[in-house]
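What follows is one structure encoded as structure tokens, with my remarks underneath.
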Amino acid sequence: MDRRLVERAQDGDEAAFADLAFGIGDRLYAVAYRTLRDGGLAEDAVQQALVTIWQQLPGLRDPDAFMAWSYRVLVNACYAEGRRQRRWDAGLRLVPTDRTLGDATAAVADRDELERAFRHLPPDQRAVLVLQHYLGMTMSQIAATLGIPVGTVRSRLHFARDAMRAAIDAEARLAAGGERW
């Protein structure tokens, strides 16, 4: 991000903020969508985050930290949107898959299996997984972005991976018995 653009926006330049918002909007939406798993909720979260960023931008002490700070605002907006909508539970039904249909079908089945497991994670665990695996942030960058200790990031990643593994194992056991999850 261009530091001068951030500084101009901090001084109330609406055109500079519009340029900033245009420059980061797609990245914010991608993170929100991966966290919330719903396009409408992601759009609402991004809109709320941009409003909050505009309102709180004059108080940002380090213009070079704009992106990390923006991600923190966005993740908080995602948490709020998820709580407001209460759509974290997807209520999915298992459909057994035949893994012998070929590589493409197996890849799609694997992706769907991961998606179903991901939907069962709480928002704080989803956020750290998205920041690490989608944005490629290190644990210390995630900690700085979310304003939490590195140990908390490690803990959330650990529990998120364990929860996903358990959900996938449970799905496999239930699918083998033809039951619903």
Side-chain angles (χ1 to χ4, degrees), residues 24-53 56 60 65-97 99 106-176 179-181:
I24 66 170
D26 288 343
R27 285 181 274 176
L28 293 179
Y29 178 80
V31 170
Y33 181 80
R34 282 168 175 78
T35 301
L36 295 167
R37 295 303 206 225
D38 180 288
L41 293 177
E43 289 172 355
D44 291 346
V46 170
Q47 184 176 20
Q48 184 56 49
L50 287 172
V51 168
T52 302
I53 290 168
Q56 295 180 3
L60 179 64
F66 176 76
M67 278 309 301
W69 175 73
S70 296
Y71 285 129
R72 180 185 307 174
V73 171
L74 175 68
V75 168
N76 288 333
C78 287
Y79 291 168
E81 193 62 34
R83 282 189 305 270
R84 189 174 69 79
Q85 292 295 325
R86 298 285 186 221
R87 289 192 185 170
W88 293 105
D89 185 283
L92 299 173
R93 185 175 65 96
L94 285 183
V95 178
T97 59
R99 300 237 181 209
V108 169
D110 289 343
R111 186 191 68 223
D112 290 347
E113 184 176 57
L114 286 171
E115 174 66 24
R116 286 189 296 274
F118 189 78
R119 285 183 180 271
H120 284 81
L121 296 178
D124 57 341
Q125 291 177 2
R126 284 186 191 183
V128 294
L129 281 175
V130 168
L131 292 175
Q132 184 180 53
H133 294 288
Y134 177 69
L135 293 179
M137 290 184 173
T138 65
M139 287 194 201
S140 59
Q141 290 171 324
I142 295 169
T145 297
L146 297 179
I148 58 176
V150 173
T152 302
V153 172
R154 282 191 185 104
S155 174
R156 288 181 184 175
L157 284 169
H158 170 77
F159 286 113
R161 290 179 181 133
D162 281 354
M164 286 188 66
R165 193 174 299 117
I168 290 168
D169 290 346
E171 179 180 330
R173 283 191 307 275
L174 290 173
E179 299 177 27
R180 292 169 56 134
W181 190 8

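Using a 4.5 Å heavy-atom threshold, the side chains of Leu157 and Met139 count as touching. With a 4.5 Å cut-off on side-chain heavy atoms, Thr52 and Leu74 do not count as touching. The side-chain heavy atoms of Met67 and Arg27, taken from C-beta on, include a pair separated by under 4.5 Å. Residues Glu81 and Asp38 form no side-chain contact, since every pair of their non-hydrogen atoms from C-beta on lies 4.5 Å or further apart. Between Met164 and His120, the closest side-chain pair of non-hydrogen atoms is not below 4.5 Å.
Rounding to the nearest 0.5 Å places CG of Leu60 at 8.0 Å from OG of Ser70. Taken to the nearest 0.5 Å, the CG atom of Leu50 stands 6.0 Å off from the CG atom of Leu28. With rounding to the nearest 0.5 angstrom, the CD1 atom of Ile148 is 9.5 Å from the CZ atom of Arg72.
Phe66 and Trp69 have tilted rings, their planes meeting at an angle from 30° to 60° on a 0 to 90° scale.
With sequence neighbours excluded, the residues forming a side-chain hydrogen bond (donor to acceptor under 3.5 Å, both in side chains) with Asp162 are His158, Arg165, listed by chain and number. In terms of the side-chain hydrogen bond (donor to acceptor under 3.5 Å, both in side chains) criterion, residue partners of Arg37 (sequence neighbours excluded) are, by chain and number, Glu115. Listed by chain and number, the residues in a side-chain hydrogen bond (donor to acceptor under 3.5 Å, both in side chains) with Gln125 amount to none (sequence neighbours excluded).
Under the 3.5 Å distance criterion, the side-chain polar atoms of Arg126 are matched with a main-chain donor or acceptor of Arg119. Looking only at distances, a side-chain donor or acceptor of Thr145 sits under 3.5 Å from a matching main-chain atom of Gln141.
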Notebook entry, point to check: Taking it one step at a time, do Thr35 and Val75 satisfy side chain to side chain contact (heavy atoms under 4.5 Å, CB included)?
Noted result: CA-CA 8 Å; Thr35 301; Val75 168; 5.7 Å; no

Next item on the list: Take Val128 and Phe159 through the test side chain to side chain contact (heavy atoms under 4.5 Å, CB included) and record every step on the way to the result.
Entry: CA-CA 11 Å; Val128 294; Phe159 286 113; over 6 Å; no

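Across every non-hydrogen atom of Ala42 and Tyr29, the tightest pair is CB-CE1, 3.6 Å.
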